[in-house]
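The structure appears below as structure tokens.
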Amino acid sequence: MMDFELIYSLNGEKHTVSSTDENIEIKADFGKRSTVTVTAKAPVNLISATITMPYSYRKKEPIFVNGYQSWTDTKEFLASESLKDIRKLPKFLVNQFAFDGYGDSGFKDYRKGVLHGYDISYAQNIFIGSFNFREAYLIINHDVKNNQIVLESDVSGLKLNGSICLFDFTTDRDYFFSEFPEKPIQNILGYTSWYNYYENIDEEKIFSNLSAVDEPFELFQIDDGYETAVGDWLSVDKKKFPNGLEPIVGKIHEKGLKAGIWLAPFAAESESEVYKAHPDWFFSYKSGSNWSGFYGLDSENKEAMEYVEECLKYYSDMGFDFFKLDFLYAVNPRVIGSKTRAQITSVAYSQIRKALPGKLILGCGGMILNSLSFDYLRVGPDVSLKFDDVWYMRFMHRERISTKVTIQNTIYRSFLDKRFFGCDPDVFILRDDNNQLTSEQKEALITINALFGSVMMTSDNVSEYDNSYNESKKALFEKALKLRNATDKSYRRMGNFIEISYKLEGETHNLKYDTKRGIIYD
């Protein structure tokens, strides 16, 4: 049983309808593929659109909650667990560090007893998958307290003058996945400069690490720190890279590797020249506190998108083969106007794909199903050099840096791998210096990355793996490469543990991952 309700306003008067009235025409079909389309006979403002279904939750029933964007914590929650709500933090902290810019807390209510996620969800006896991610995100609210599922179309605030599909989803798991057949996505193994040097890179460090990268590596990627400011993508820092990036691209290709570059095409920090010159290209509120604080680009601005395309073409023409495009959620407006977040994001991402023909794209911090046109997508937050990062970060936003969180995201979003895109679990770390992960946590990280992702990246000095002192690291690395051939992979949550099963070379293997300690047991 599904109960549909639409609330809208016209001339300051609120209307609640479940079927067609004089201002709204509604076409609904609740079948194998349930759809609801509305047409405004006069311009109206949509307040909410919901479908409510009864569902009886069990106390220890796993409920898969897919986070708002690729960094948002995602896992099977228990009915007794809750989502982290940053609005419980002091307001001055939220405002000062723009904690509400990373996720959905700037527009979505967090309610006690309700677990909400986006577009795909399941519990013990139900599955929900949305096809409507280009028109309006499906917010799936598991109202555990009231034993009901409330499906919410992300259209609150939309000024509608015409038609829109509010809902297009199925509760048939097999049917949903049949609409997304597997893709011929290749695994990739690469080096990235970020997780050792972060922004402190220069020509000498890049060449030094490039000299150490050889087979079986296929990619060498330059991360953040080469540009003069985030947003000023056409301005390479001449102090760090006096000869520019072109000679590096040439050296990477000479080694038979793909050349990768990092950009955040929809972000500009407040100190960047592009933001100072064109503040009208960006939203008026900060999308995060990284760098000097940054603003998201308004992709509805034609000149702004022409600039993005110019920057992408600049590095494409330079010879880069692989583009890690970061902070992609920043293109989403906090307040909906004449278009939904899904409509805006879908068009913006397609423009990125069009601007980079023939190039490999790794999306990061992006909207999950809008990223179908990308080759790869990060499926969790950044790996931290300490298992759950520093203690005070655990109270921050749901997109925070955390190895603990990203390992769980890697497992629970693995069903997306090679069907929607290749999943990027983020880096593995085997080195001894410049990190506080234990040897057991490093082993768990590389093992789960190899089993459940299509991308394996590191920022280690990989030449150290061949030293006799590091025989154990070399063995673990080679074991992980073999794990990429595993089949029949499965997992299930058992309290604070995740039981993992897979087949390799005809033999079944069973592991148990301790989510609290970050350790794998055979």
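Between Lys473 and Asp432, at least one side-chain N (NZ, or NE/NH1/NH2) sits under 4.0 Å from a carboxylate O, which counts as a salt bridge. Taking the charged nitrogens against the carboxylate oxygens, Arg517 and Asp388 have no contact shorter than 4.0 Å, which rules out a salt bridge. Using a 4.0 Å cut-off between charged nitrogen and carboxylate oxygen, Arg431 and Asp460 count as a salt-bridge pair. The pair Arg334-Asp100 meets the salt-bridge criterion, since a charged nitrogen lies less than 4.0 angstrom from a carboxylate oxygen.
Taking the side chain as every heavy atom from C-beta outward, Lys183 and Lys418 never approach each other to under 4.5 Å. When side chains are defined from C-beta on, Pro216 counts as touching Leu481, because their heavy atoms get closer than 4.5 Å.
Note: Tyr376 OH to Asp417 CG = 10.0 Å, rounded to the nearest 0.5 Å.
Annotation: Phe107 is in aromatic contact with Tyr68 [ring centroid separation under 6.0 Å]. Between Trp233 and Tyr307, the ring center distance fails the sub-6.0 Å criterion. Between Phe64 and Phe415, the distance separating the two ring centers is shorter than 6.0 angstrom.
In summary, the side chains of Ser459 and Thr192 do not present any donor paired with an acceptor at a separation below 3.5 Å, with no hydrogens or angles considered.
Under the salt bridge (Lys or Arg N to Asp or Glu O under 4.0 Å) criterion, Asp223 pairs with Lys324, not counting sequence neighbours.
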